[in-house]
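Have a look at the structure that comes next, please.
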Number of protein chains: 2
Amino acid sequence: MRTTIGMLDEQGLARFSMRRLAAELGVTPMSVYWYVDNKDDLLEIALDEIGGEVPVPSDSPDADWRQQVRQVAAGYRAMLVAHPWASRLIGEYMNVGPKATAFSTVMRSIMRRTGLPDEMIPGALSTVYQFTYGFGTVEGRWQERCRAAGVREDDLFEEMSETARDHPGFHGLADLVERRGRASSLAEVRERDFAFSLDCLIAGIEAMRDRAHPGV
Amino acid sequence: MRTTIGMLDEQGLARFSMRRLAAELGVTPMSVYWYVDNKDDLLEIALDEIGGEVPVPSDSPDADWRQQVRQVAAGYRAMLVAHPWASRLIGEYMNVGPKATAFSTVMRSIMRRTGLPDEMIPGALSTVYQFTYGFGTVEGRWQERCRAAGVREDDLFEEMSETARDHPGFHGLADLVERRGRASSLAEVRERDFAFSLDCLIAGIEAMRDRAHPGV
DNA sequence: ACCTGAACACCGTTCAAGT
DNA sequence: ACCTGAACACCGTTCAAGT
């Protein structure tokens, strides 16, 4: 599993194969099948494995759920950025391994402390989760592309800005460029956007809770 | 392109190959390469093509942004559910084709009508987008699995409920089961969750706007 | 302009066999 | 218990050649 995760991190999911894993382990392709049923099985295990990298806050009943949501979201995002192949697999498998299960249990108990009525908890949870997943995914893929092209991300961005200036019809690029605004680096913009989005989600949850309990 | 999209819809991305496409078209594998550079190129075009299926509201300056956000989100979700392979590709490519570009332009002009300060627009946009993408993705994948297994989704759900009852340690499933609550069908719960999440996002955006303009 | 055939360097996986 | 070899049915893609 260690070599598998290492290879996935370094070369990406597309370049990973059973035969290459076997070669890396100095062994014949078929010997891998003694430890694992098939490729899907192997990847599913690798996926659950890195789920354990996301730090989950201790479940004290008097902790601030807002801060804990921010904490877990940051951890999950970091995990996705460290292992961009994970976001590709998360949708494919059921994700009911031990790490994934533990994670979702903690998330639910945090969400219960928002004061939302029970039937809204799943909706709120998925709002936060889907956002974090999406954000971490595009961030990871972008960095992956930069690494594959062998350039620093701000250089690549600079290059794209020029292309956008030279081809004014190309709005897709213009969006990207505009997004940076006057900030000094892409990383800075990303932090700002991420923080804003979480604030926005938290404010939304608070508003929905207040709407559900008009008397409080 | 029509046959490509048809094959992807029916058999999924995993079963799609250049050779099968050629066979379906009654032609030799290599003739496909006369129209398209390579497989990535083909998929990228297919992806932008179905982007045109998402209805975009007319950009009238006095329209209610809340309703328009809900409208576009519903359309985007429907597109992802109709073409589950799309969510797998959206992260892979740059998505700067004509349809994708038009879409993001409209989204930005809707978001500008929220009254949010300019530097918050990208963050708000990505919050809504990432949620919708994630929601549509898991919904599409779930239905894909049901179809592959040849069962109706509520039957499959019933089966999982039993497994969850028989194996109490399996919390991943318990989550799923609990989520349905007392509703009559999974589809109903999904609609409720989706509506809640959008309300939550919209409430969050309003709260952030009010926080940024304390005087209004 | 449009299509073919043969070939290359890959895949995941089965199955019978070795130690 | 752990690994191998040969084989099967696939891939995407190049390149030279046909009409």
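Just so you know, these numbers use all the heavy atoms, side chains as well, and skip hydrogens, waters and symmetry mates. Proteins come first, then strands; the chains are lettered A, B, ... in the order of their sequence lines, and each starts at number 1.
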**Report entry** Stems formed with participation of DNA chain C [Watson-Crick or G-U wobble, under 3.5 Å, three or more pairs]
**Finding:** C:4-8 with D:12-16, C:12-16 with D:4-8
Requested in this report: Using whole Å, report how far CG of A:Asp37 lies from P of C:dT13.
Outcome: 10 Å
Query raised in the report: Do A:Asp59 and A:Arg113 meet the salt-bridge criterion of a basic N to acidic O distance under 4.0 Å?
Result: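 So A:Arg113 pairs with A:Asp59 through a salt bridge.
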**Report entry** Side-chain N or O of B:Thr28 closer than 4.0 Å to phosphate OP1/OP2 of C:dC3
**Finding:**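 Negative; the distance criterion is not met.
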Query raised in the report: Does B:Asp40 or A:Val27 map to a spot on DNA chain D nearer the 5' end, using the closest nucleotide for each?
Result: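 Final value for this comparison: A:Val27.
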Requested in this report: Identify whether the distance between the nearest side-chain nitrogen and carboxylate oxygen of B:Glu159 and B:Arg152 falls below 4.0 Å.
Outcome: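 Salt bridge between B:Glu159 and B:Arg152, a charged N being under 4.0 Å from a carboxylate O: no.
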Requested in this report: Mind calculating the distance between CG (A:Leu42) and C1' (C:dG12) to the nearest angstrom?
Outcome: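 Rounded to the whole Å, the gap is 12 Å.
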Query raised in the report: Hey, does the side chain of B:Tyr33 come within less than 4.0 Å of C:dT4's phosphate (OP1/OP2), counting only N and O?
Result: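 For C:dT4, OP1/OP2 do not have a side-chain N/O of B:Tyr33 under 4.0 Å.
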Query raised in the report: Between C:dG12 atom C1' and A:Leu43 atom CG, what is the distance in whole Å?
Result: 12 Å
Query raised in the report: Between A:Arg66 (side chain) and A:Ile202 (backbone), is there a donor-acceptor pair under 3.5 Å?
Result: no
Query raised in the report: Just how far, in rounded Å, is C1' of C:dC10 from CG of A:Leu21?
Result: 16 Å
Query - Length of the NZ-C1' vector between B:Lys39 and D:dT13, whole Å - result: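 The distance from NZ of B:Lys39 to C1' of D:dT13 comes to 12 Å, rounded to the nearest Å.
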Query - Between CG on residue B:Leu47 and OH on residue B:Tyr93, distance to nearest 0.5 Å - result: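 It comes to 8.0 Å.
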Requested in this report: Would you mind classifying the nucleic acid contact of A:Met18 as base, sugar-phosphate or nothing, using non-hydrogen atoms under 4.0 angstrom?
Outcome: sugar-phosphate
Query - Between D:dC2 (P) and A:Leu25 (CG): distance, integer Å - result: 15 Å
Query raised in the report: Counting only side-chain N and O atoms of B:Ser31, is one of them less than 4.0 Å from OP1 or OP2 of C:dC2?
Result: no
Query - Nucleotide C:dC10, atom C1' - distance to CZ of B:Arg19 in whole Å - result: 11 Å
Query raised in the report: Looking at B:Arg20, does any N or O in its side chain come under 4.0 Å of the phosphate oxygens OP1/OP2 on D:dC10?
Result: no
Report summary line: Exactly one of A:Arg145, A:Arg147, A:Glu139 clears side chain to side chain contact (heavy atoms under 4.5 Å, CB included) with A:Gln143, and that residue is A:Glu139
Report summary line: Of A:Trp34 and B:Ser17, the one whose nearest nucleotide on DNA chain D sits closer to the 5' end is A:Trp34
Query - Nearest-nucleotide comparison on DNA chain C, the residue closer to the 5′ end among A:Arg15 and A:Met30 - result: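 Final value for this comparison: A:Arg15.
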Query raised in the report: Using the benzene-type ring in the case of Trp, are the ring centres of A:Phe194 and A:Phe131 under 6.0 Å apart?
Result: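 So the answer is yes for these two rings.
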Query raised in the report: Between B:Tyr35 (OH) and D:dT13 (P), how many Å, whole number?
Result: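 B:Tyr35 atom OH is separated from D:dT13 atom P by 18 Å.
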Query raised in the report: For the atom pair CD (A:Glu144) and OG1 (A:Thr137), what is the distance rounded to the nearest 0.5 Å?
Result: 10.5 Å
